[in-house]
Every structure is written in C-alpha cells, then in structure tokens.
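Throughout, numbering of the chain's residues begins at 1 and tracks the sequence. All of these numbers come straight from a predicted model, not from anything done at the bench. Heavy-atom basis, side chains included; hydrogens, waters and symmetry copies ignored.
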Amino acid sequence: MAIIGALLSIIQGPNLWNALPDLMVFVAPLWVAVLFGVLVGWVWRPTWANSALNNFTIPATNYPSFDSLKSQLPSCFFSVSDNGSVEDCSSGPGSDSRLSKLDVENKSFVGEGDLKHLSKLVAEKDGGPAWVKMMDRSTNNMSYQAWKREPETGPPQYRSRTVYEDMSPEMMRDFFWDDEFRLKWDDMLLEAETIEECPKDGTMVVKWVRKFPFFCSDREYIIGRRIWESGKTYFCVTKGVQYPSIPRRTKPRRVDLYYSSWSIRAVESRKGDGQMNACEVLLFHHEDMGIPWEVAKLGVRQGMWGAVKKIDRGLRWYQKEIESGTPLTHCAYMAHIHSKVSTKRMKYLENASTDSQEIETSEPTTANDEKPSGKNVPKLLVVGGAIALACTIDRGLLTKAVIFGVARRFAKMGRRL
C-alpha cells in the first residue's frame with residue numbers, strides 16, 4: 001500500500017515532467033520482470049507452444065531471422081556445435097545415397113586431429129585443468145576410478161579408468177560399437193540408426209535417440225565415430241557432428257556438443273598371475289545436453305556407479321553371446337575396419353605440444369570446497385525456471401512439489417557457493 005500511495009502522489013504532482021525520473025524507478029523493475037518472464041517462458045515453453053509456432057505462418061516480410069536473434073542472446077541458452085574435419089570418404093552399404101550427396105562436403109567426419117586430441121588426453125598432455133578424483137570402486141570382476149574437471153568454458157568433463165577382468169580388447173571394442181546389441185542392454189537408448197559409413201577406414205555416422213527424465217524431452221545425437229589401432233591399443237573416437245540433411249525437430253532435441261572417446265588395451269590381471277587377460281578402458285566424456293550444468297553434475301554423481309555396473313552386465317552378456325557362436329552384427333563388423341598408426345606417429349602426436357596437466361589425488365570435493373564460478377546456476381534463474389516448468393509441464397501437485405523441491409535444493413547450493 002505504501003508503494004501505491006507513493007506512486008499516486010508522484011502522478012498527481014504539479015509537474016509530471018519533473019516526476020518522470022521517479023516514475024522510471026517504479027517502471028524499470030516491472031519491465032525487467034516482464035523480460036525475465038518472457039525469456040524463462042521461451043526456454044521452458046511447453047509442447048503445445050512449439051506445435052503452435054510450427055503451424056503459424058507469417059506473410060513474406062523482411063523480418064529478422066531467428067538465427068540473427070539467437071546470436072544476440074547469451075550463448076548459454078543454446079547448444080554449441082562441434083564440427084568435424086573434412087576428408088574424402090564414400091558411403092557404405094545400407095546408407096542412403098541421397099544423404100551422402102547432400103553431405104559430400106563433410107566427409108570424413110572424424111580425422112587425425114581427433115586422434116591427436118585423444119592421444120593427448122590419454123597421455124595427460126592436453127593442457128587442460130587438473131583432474132579431481134571423484135570415485136574409486138570395484139567388484140569381483142571390475143575396478144573403476146573416475147575424475148572430473150571444469151574448464152573455463154563448456155560443460156564439465158569426465159575421465160574414467162575401468163579394468164575388466166577376463167576380457168580382451170577386441171571384445172571390448174566390438175561391444176562399444178555394437179548399436180544393435182546396445183538396444184538390448186541400454187534401456188536409455190530408444191533408437192540407433194546408421195546413417196553413413198566408409199568401408200575404407202571404418203568411419204561411421206550414426207543417429208541415437210536417448211531417453212531423458214520426464215521433465216525433459218528426449219535427446220537426439222548425430223555421432224561421427226572412427227577407430228585407430230596403434231601397437232596393441234585401440235583409440236576410439238565418437239563425437240557430435242553436423243549433418244544438415246537430417247533436419248532438426250522440436251522433439252527429440254538435438255545435442256550438438258558431444259564427445260565420448262576412449263582407449264582400450266590389454267593389462268595384467270589383478271589376480272597377480274602375470275597374465276595379460278584384463279582389459280583397461282580410459283574414457284573421456286563431456287556433452288551439453290541443454291540443461292543446467294549443476295543439474296547434470298548432480299545426475300552424474302548420483303547415477304555414475306549404477307551406469308558403470310549396467311555396462312558391465314551388458315558386457316558379460318555380450319561376451320557370452322559371442323562365445324556361444326552368435327554372429328557379429330554389422331555395427332560390430334565395422335569395428336574391425338580401422339586405421340593403423342605406427343607407435344612412432346602416435347608418440348609424435350602426443351608430444352606435439354609442451355602443455356601438460358596433473359591428476360589430483362585428493363579426495364572428491366564437496367559443495368563447500370568448490371570455488372564460485374560463472375558456470376554455477378544463478379538462484380533466481382533456477383527458481384524462475386522451476387516456476388515456469390511447474391506451471392506448464394503438469395497440473396498435478398506431485399509434479400510441482402518435486403520441481404520446487406529441486407529448486408530449493410539448488411537455492412541452498414547457491415547460498416553455500
């Protein structure tokens with residue numbers, strides 16, 4: 001009531017022009033609130049709004065395009081793309097020749113530059129921030145260690161080392177490449193399709209659709225992947241690539257920034273018998289899923305060990321299937337087509353830069369130990385987004401209670417930071 005009274009006294013004053021600065025003090029916060037609401041509403045818009053926009057047509061006029069508007073907004077609201085290198089490669093059997101003609105300029109999608117980057121990650125010479133250890137667990141036939149780091153730009157990055165007992169590198173390589181079998185053991189993978197492949201070097205372009213929680217739309221990935229062999233180690237690169245002939249859809253949402261690559265080699269078993277019948281996998285992974293990074297980090301911390309055990313179960317199932325005589329699928333067969341690189345060349349790629357990094361052996365950091373960072377989610381944005389989401393996603397009280405509970409948790413995290 002005091003605010004309303006002050007506003008009326010200003011309007012009823014003898015000289016309205018002199019009161020204009022005072023009016024701006026009242027109006028400016030209202031416009032800020034309106035713009036914030038429009039922005040949050042656009043980011044968290046419901047499905048029916050997307051379909052309405054798609055069906056709405058505007059007469060041909062020289063309006064600015066959405067891409068030009070997008071370039072003027074903060075980049076944190078849009079995914080970042082990761083373009084592949086360009087080489088010549090012909091499409092393989094089973095791929096659509098029309099797609100190959102449209103994307104002829106993008107071949108090959110994965111090149112030696114990607115091998116160089118992975119080799120530096122494996123050798124700990126990529127010049128990135130130090131890795132912070134976050135997990136160290138094991139089972140009877142597997143040991144697992146995980147690290148995390150947060151670069152100045154981009155999403156959090158993860159590194160893991162897993163050693164599987166009684167496993168060959170070749171079996172591991174085929175397992176990771178076999179999308180047809182992955183659909184059986186990975187309940188998060190809804191669709192897997194080979195778009196294009198190169199019978200010369202084994203490069204593949206595949207499309208994945210992964211299931212996300214109920215409050216998010218599913219995610220679509222266009223992935224380029226390729227395998228190199230050097231000595232007795234396999235270097236497997238998979239990353240998001242641009243493929244213009246596959247149009248973007250409202251659902252599932254396209255993930256552009258995606259990197260998940262690993263090295264595979266035989267190591268000595270922890271049984272201590274001197275046999276090289278265990279398999280070591282060094283995995284490097286990061287992606288921008290289009291959700292706040294604090295939410296993504298929370299999901300990783302809570303679900304990492306469960307995901308690792310699920311992979312191990314799928315691997316042992318796959319091992320039994322292959323050893324029982326089940327023929328290789330086409331995707332697994334493509335893993336046998338790879339490029340060979342001399343150890344001398346690999347050493348050159350590893351040492352191409354003098355930058356180095358260290359791996360911290362300290363215990364995992366807690367929320368109280370982390371330093372404030374610009375990548376942390378502002379409390380106002382989390383709460384505002386939760387309000388918009390709760391009002392659009394569902395009318396039930398349970399859904400709203402869950403969302404507001406998550407918002408309160410991140411608000412407390414923001415105060416600690």
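Checked against a 6.0 Å centroid threshold, the rings of Y258 and H285 count as neighbours. Between W185 and F175, the ring center distance clears the sub-6.0 Å criterion.
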Worksheet item: Given the rule in the side chain to side chain contact (heavy atoms under 4.5 Å, CB included) test, do T203 and E196 qualify, once you have shown the distances and angles that lead to the verdict?
Response: CA-CA 8 Å; T203 300; E196 189 172 338; over 6 Å; no
Item to complete: Give the intermediate values and the outcome of side chain to side chain contact (heavy atoms under 4.5 Å, CB included) for residues D312 and N141.
Response: CA-CA 9 Å; D312 182 58; N141 54 12; 3.4 Å; yes
Item to complete: Report the C-alpha distance between Y144 and T139 in whole Å, list the side-chain angles of each, state the deciding distance to 0.1 Å, and finish with yes or no for side chain to side chain contact (heavy atoms under 4.5 Å, CB included).
Response: CA-CA 9 Å; Y144 178 79; T139 62; over 6 Å; no
Practice prompt. Check step by step if salt bridge (Lys or Arg N to Asp or Glu O under 4.0 Å) holds for R173 and E170.
Written response: CA-CA 5 Å; R173 174 202 64 195; E170 291 73 23; 5.4 Å; no
Discussion item. Under the criterion side chain to side chain contact (heavy atoms under 4.5 Å, CB included), I'd like the reasoning laid out for V237 against F109: C-alpha separation, chi angles, the key distance, then a yes or no.
Written reply: CA-CA 11 Å; V237 174; F109 298 90; over 6 Å; no
Practice prompt. Take R345 and E112 through the test salt bridge (Lys or Arg N to Asp or Glu O under 4.0 Å) and record every step on the way to the result.
Written response: CA-CA 11 Å; R345 178 64 177 172; E112 190 179 64; 2.7 Å; yes
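H338 has its side chain out of reach of F235: every pair of non-hydrogen atoms, C-beta onward, lies at least 4.5 Å apart. Looking at heavy atoms from C-beta onward, R219 lies out of side-chain contact with E287 at the 4.5 angstrom threshold. Contact of the K207 side chain with the Y243 side chain is not registered, since no non-hydrogen atoms from C-beta on lie closer than 4.5 Å. With a 4.5 Å cut-off on side-chain heavy atoms, M167 and L315 count as touching. Residues R210 and V255 are not in side-chain contact: their nearest non-hydrogen atoms beyond the backbone lie 4.5 Å or more apart. Proximity of D256 to R248: side-chain heavy atoms (C-beta onward) are separated by under 4.5 Å at one or more points. Here the side chains of T238 and W208 are not in contact, with every heavy-atom distance at 4.5 Å or above. Put simply, the side chain of D187 reaches to within 4.5 Å of the side chain of K310, judged on heavy atoms.
In this structure, the side chain to side chain contact (heavy atoms under 4.5 Å, CB included) partners of I337, at least two apart in sequence or on a different chain, are Y333, M334.
Among M134, K133, H286, the one residue that satisfies the side chain to side chain contact (heavy atoms under 4.5 Å, CB included) test with K148 is M134.
Residues P129 and P151 share a closest heavy-atom pair of CG-CA, 4.0 Å. Heavy atoms only, all atoms of each residue included: A266 and P169 are closest at N-CG, 3.5 Å. Nearest approach of C331 to E180, heavy atoms of both residues: N-OE2, 4.1 Å. Across every non-hydrogen atom of W305 and R137, the tightest pair is CD1-NH1, 2.9 Å. Minimum interatomic distance between A335 and D174 (heavy atoms only, all atoms of both residues): CB-OD1, 3.6 Å. Scanning all heavy atoms of the two residues, the minimum distance from D218 to V209 falls at CB-CG1, 4.2 Å.
Rounded to the nearest 0.5 angstrom, F176 CZ and I311 CD1 are separated by 6.0 Å. Between atom OG of residue S263 and atom OH of residue Y234 there is a gap of 13.0 Å, rounded to the nearest 0.5 Å. Atom OH of Y221 is separated from atom CZ of R253 by 11.0 Å, given to the nearest 0.5 angstrom. Atom SG in C236 sits 11.5 Å away from atom CG in L282 (nearest 0.5 Å). The CD atom of Q275 sits 8.5 Å away from atom OG of S269, with the distance rounded to the nearest 0.5 Å. Between R270 atom CZ and M142 atom CE the span is 8.5 Å, to the nearest 0.5 Å.
Checked by atom type and distance alone, the side chain of S230 pairs as donor or acceptor with a backbone atom of V341 at under 3.5 Å. In this structure a side-chain-to-backbone donor-acceptor pair under 3.5 Å is present from R254 to P247. Q319 places a side-chain N or O within 3.5 Å of a backbone atom of D166 that can act as its donor or acceptor partner.
Taking 4.0 Å as the cut-off between side-chain N and carboxylate O, E294 and K297 count as a salt-bridged pair. In summary, R159 and E124 engage in a salt bridge, as defined by a charged side-chain N under 4.0 Å from a carboxylate O. D114 has no carboxylate O lying under 4.0 Å from a charged side-chain N of R226, or vice versa, which leaves the two without a salt bridge. Using a cutoff of 4.0 Å between basic side-chain nitrogens and carboxylate oxygens, D178 and R182 are not scored as salt-bridged. Using a cutoff of 4.0 Å between basic side-chain nitrogens and carboxylate oxygens, K271 and E165 are not scored as salt-bridged.
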